[in-house]
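Notes for the one structure printed next.
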There are 2 protein chains.
Amino acid sequence: MSKPIGKVKDATPREAINSAAIRLFGAMGYNGTTMRDIAQEVGILAGSLYAHIDSKESLLAEIVQTGIEPYLAILRSLDGVALSPTEKLRAAIVTHVKVVAANPERTFVVFHEWRFLKEPYRAKVVKMRRRYGDGFTKIVADGVACGEFSSELVLRVSVFGILGALNWIPEWFSPDGPSSADEIGNQLADALIGGLRAPR
Amino acid sequence: MSKPIGKVKDATPREAINSAAIRLFGAMGYNGTTMRDIAQEVGILAGSLYAHIDSKESLLAEIVQTGIEPYLAILRSLDGVALSPTEKLRAAIVTHVKVVAANPERTFVVFHEWRFLKEPYRAKVVKMRRRYGDGFTKIVADGVACGEFSSELVLRVSVFGILGALNWIPEWFSPDGPSSADEIGNQLADALIGGLRAPR
DNA sequence: CCTACCGATCGGTAGG
DNA sequence: CCTACCGATCGGTAGG
């Protein structure tokens with residue numbers, strides 16, 4: 001009945017190292033994971049890792065960059081498609097969740113550990129993240145006032161949606177930004193409560 | 001014109017250590033910060049820190065626990081108050097954002113670094129986090145189908161709200177959970193797109 | 001709060 | 001992929 005937790009499809013040593021690193025970076029953080037931890041998970045000695053990778057940081061960089069790719073692919077697949085902004089936004093959200101679900105651990109590393117990359121890598125990742133945010137911005141901007149709306153309340157997801165939006169605030173909030181905390185709070189409340197309204 | 005970045009109100013050595021640790025844990029992560037980093041920021045030597053704190057981990061624990069407190073206070077202040085669920089949810093969201101704005105760095109540490117705490121501390125923090133989530137759940141459950149709805153679109157905040165909800169998914173998603181990725185995606189889309197609907 | 005230091009462990013390498 | 005090891009740095013302590 002218990003699922004065979006698997007490195008099942010780690011065909012190459014490099015793949016085994018990648019998936020071990022994803023697991024460990026996710027569970028203990030990049031800086032909390034040692035090369036010896038990774039080596040043990042793979043079943044080799046620490047020094048032997050360097051036959052397959054250049055450095056710990058390049059390993060993280062590869063995981064993060066490859067991990068963002070499918071998200072950027074979502075936007076590419078929707079670009080120029082004949083859908084209303086509402087339909088596009090729904091498609092982007094639904095597909096995003098599917099990509100998360102296909103590999104939650106990798107995604108966790110992508111969104112939490114990228115910031116420990118140093119400069120050659122960091123700039124590249126920052127650009128990719130910005131491109132993703134810009135894609136959503138464009139869809140929303142395109143559809144400021146069109147389409148239909150229907151809300152089916154589902155408690156669990158709604159609450160996680162609210163908490164996600166709230167807990168993400170420290171990632172983008174700036175005291176020097178254009179909106180006060182009060183304005184932001186009310187705008188978020190509008191956006192999030194809107195989704196909870198029962199259809200009449 | 002440049003603001004005086006200040007440890008201005010670090011009256012005691014312990015307060016200076018706390019605020020230095022908050023800055024550094026936020027910028028470089030708990031495991032990426034050394035006691036020597038903190039000591040340097042405070043202006044003393046590493047060993048001298050231990051005249052004021054017990055350990056690196058207890059320092060993080062104190063920051064995280066104290067940092068969650070004002071969030072739990074939001075729920076306490078709303079408990080038993082005569083407001084509709086819609087009003088309560090708005091109040092909770094708005095106040096949450098104000099607490100973030102009052103100390104974004106501390107909040108960043110609270111939501112990102114708590115997971116590096118080990119067991120005596122960790123259980124306590126997990127319980128506090130759960131209590132906060134439960135508070136929102138109760139408000140939402142209380143108001144499943146009542147109140148009015150009005151949406152004022154503000155691009156920036158809406159997009160960050162959407163990305164926050166999405167980027168938070170890996171924190172709670174489980175392949176063994178009650179909903180498929182597709183169900184979750186559509187429920188999130190309902191909730192988030194609802195807030196973008198132009199009022200008619 | 002400093003001097004002086006500790007055992008442990010880190011990322012990484014040379015040379016097979 | 002292993003043996004054997006490196007310089008650096010880690011969290012923390014003893015004794016003032």
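So you know, we letter chains A, B, ... as the sequences are listed, proteins then strands, and number each from 1.
Side-chain polar atoms of A:Glu69 and A:Thr66 form no donor-acceptor pair below 3.5 angstrom. For the residue pair A:Ser58 and A:Tyr121, no side-chain donor N or O sits within less than 3.5 Å of a side-chain acceptor on the partner.
Between B:Glu41 and B:Arg36 there is no salt bridge, since no side-chain nitrogen of the basic residue lies less than 4.0 Å from a carboxylate oxygen of the acidic one.
Following chains of ILVMFWY side-chain contacts shorter than 4.5 Å, one cannot reach A:Leu117 starting from B:Phe108, and the two form parts of different hydrophobic clusters. B:Leu75 is connected to B:Val110 through a chain of hydrophobic side-chain contacts under 4.5 Å among Ile, Leu, Val, Met, Phe, Trp and Tyr, so both are in one cluster.
Sorted by residue number, the members of residues 44-64 of chain A with any non-hydrogen atom under 4.0 Å from DNA chain C read A:Gly47, A:Tyr50, A:Ser55, A:Lys56.
Map A:Gly43 and B:Asp37 each onto its nearest nucleotide of DNA chain D; the residue landing nearer the 5' end is A:Gly43.
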Checklist entry - Under a 3.5 Å cutoff on both atom distances, Watson-Crick or G-U, what's the dot-bracket for DNA chain C ([ ] crossing, | other strand)? => result ||||||||||||||||
Item to check | Audit row: B:His112, A:Phe111, ring-ring contact (aromatic ring centres under 6.0 Å, His included) steps and yes/no | outcome: CA-CA 11 Å; B:His112 284 85; A:Phe111 285 113; over 10 Å; no
Item to check | Residue pair A:Glu105, A:Arg23: steps toward the salt bridge (Lys or Arg N to Asp or Glu O under 4.0 Å) verdict | outcome: CA-CA 6 Å; A:Glu105 282 179 320; A:Arg23 246 184 317 256; 5.5 Å; no
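With B:Lys56 contributing its side chain and B:Thr34 its backbone, the two residues share no donor-acceptor pair below 3.5 Å. The backbone N or O of A:Leu78 sits less than 3.5 Å from a side-chain atom of A:Lys88, completing a donor-acceptor pair. A:Thr95 places no side-chain N or O within donor-acceptor distance of the main-chain N or O of A:Ile74, the cut-off being under 3.5 Å.
On the nucleic acid side, DNA chain C contacts chain A at distances under 4.0 Å to non-hydrogen atoms, with the end points of that region at C:dC10 to C:dT13.
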